[in-house]
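Here the structure is laid out as structure tokens; the discussion comes afterwards.
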Amino acid sequence: MNYIADIFLIAISATLINNFVLYYFVGICPFIGVSKNVSMAVGMGCAVTFVMTIAAFLSWTITKFILIPGAPVSSFIAGIFLPAEQAAHIDLTILSYIVYIFAISSSVQFVEMYVRKFFPALYKSFGVFLPLITTNCAILFACLTIMSHVAGVDNPADAWDLAKSLILAIFGGVGFTIAIVIMAGIREELDFCDIPKAFQGAAITLIVAGILAMAFMGFTGVDSGLGNMIKTSDTTAVNAIPVETNHQQIKV
Amino acid sequence: MAHDPTPFERFIQGIIPENPVYRQLLGLCPTLAVTNNMQSAITMAGAVTFVLLCANIITSLIRNLLKPHLRIVIFTLTIATFVTLVDRFLAAYMYTMSKSLGPYIPLIIVNCIIIARCEVCASKQDVFTAASDAIGQSMGFALALASIAGVREILGTGMFFGIRVLPAAWPDWVIMALPPGAFLTFGLLLGVVNFIESKRAEKKIHKG
């Protein structure tokens, strides 16, 4: 149950609370560049979600099986040349950035060719955005987040599994789509407004994004509240303590 | 442009007339993310300067070997190598800063400024021109980061470089240090820069 709660919280947090665009500022370039009308924004959002999922799968696999100390593939290969104790501790995480960026850009190339060949209709709707987002910060950011949760944890039991990584990527992409579609809707209306000449284009978009970010800040704390609710429903005994302390705080 | 700009002209161009952030709208992700105080903004600008300079020099050296369809991959791999160097350096000598910048140091890899400069300038020019272009552009980037970070730090915490400049009675505008403040500050500054630029353009027309 706690596992499902964790997954649910990762999803909520990636979509609303720590929205990739409005909280972490990644993927700002398409957010400003491709948010002129809603249909293009939806296409861009789908493309980002799609690529992010592939990238998350790749980065989790690479980190788990090649990069972290004692990973099966690297220690097996190193075992051919080195004594066993050294081979088990070989740490390749220093190469992570180069490996990720290479994996992302090559996989996007392949996916683009495949989609163009076998699903022409799908390619027309969002395929044109695929090459553009190879070097999108949002994709690399998702990979780095997954890496910090796989390689950076002190307790091996806390490390994320594949399902959690994929959930982060999918819902991060959904959060990006929500943000860019809202933005496109607002910008379609802004076309009828009388904006000072200096603020037309990017400047007014950024100010609107600031107000949107303020609105999304309203979700802060939703995750811990929900987490307490879900997790306490099966462990009522543990729950009783924090509630009491809450009351005491209010009295004081 | 009628003539090819000289190295010195490229250097000057990068700072104000073609400022990467305000005029070309490149590299917005670090511009918004690390500008809640001056120190992290300056560190970020330093890291970008190093990476941009090295990447431009390397790209310029290998420009005759580049294959057109592989060049973007080569650029990103070159950049990723230098970013790894910077990241290790910061983790070794400025640990707290490296922690607070977090994922934004590796995100320099996909910073559009560097890829754009490799593509537009370094892959066509000799090493000296590419290096001066890199320094000019990164000075422009540093200037932009410093302007946004200055406004945000002073209004958000009443301090500048960690030294109090506004009276203690100043009610800290906490929102300026939070994500919405980044969007608002940058949007307003961008509007102001556009306004000044349009006034200058008008003056030029009147003179000519």
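Protein chains get the first letters and strands the later ones, always in sequence-line order, with residue 1 at the start of each. When reading the values below, keep in mind they use all heavy atoms of this one structure, side chains included, and skip hydrogens, waters and symmetry mates.
- In summary, the aromatic rings of A:Phe31 and A:Phe176 are positioned with their centroids too far apart to meet the 6.0 Å limit.
- In this structure, chain B has heavy atoms under 4.5 Å from both the backbone and the side chain of A:Leu206.
- Using a 4.5 Å cut-off between heavy atoms, B:Leu32 contacts chain A through both its backbone and its side chain.
- Contact of A:Leu95 with chain B is not made at all, since no heavy-atom distance falls under 4.5 Å.
- Neither the backbone nor the side chain of A:Met147 comes within contact range of chain B; no heavy atoms are under 4.5 Å apart.
- Between A:Ile98 and B:Thr81 the shortest side-chain heavy-atom distance falls below 4.5 Å.
- At least one donor-acceptor pair closer than 3.5 Å links the side chain of A:Asn19 to the backbone N or O of A:Thr15.
- With a threshold of 4.5 angstrom between heavy atoms, B:Ile79 does not approach chain A through any atom at all.
- In this structure, the portions of A:Ile207 lying under 4.5 Å from any heavy atom of chain B include both its backbone and its side chain.
- A ring-centre distance under 6.0 Å is found for A:Tyr24 and A:Phe141.
- Under the 3.5 Å distance criterion, the side-chain polar atoms of B:Asn194 are left unmatched by any main-chain donor or acceptor of B:Glu197.
- Of the possible polar contacts, one joining the B:Asn37 side chain to the B:Ser40 backbone as a donor-acceptor pair under 3.5 Å is found.
- For B:Ile175, the part lying under 4.5 angstrom from a heavy atom of chain A is the side chain only.
- Ranked by heavy-atom pairs shorter than 4.5 Å toward chain A, the options B:Val192, B:Thr84, B:Val73, B:Val193 are led by B:Thr84.
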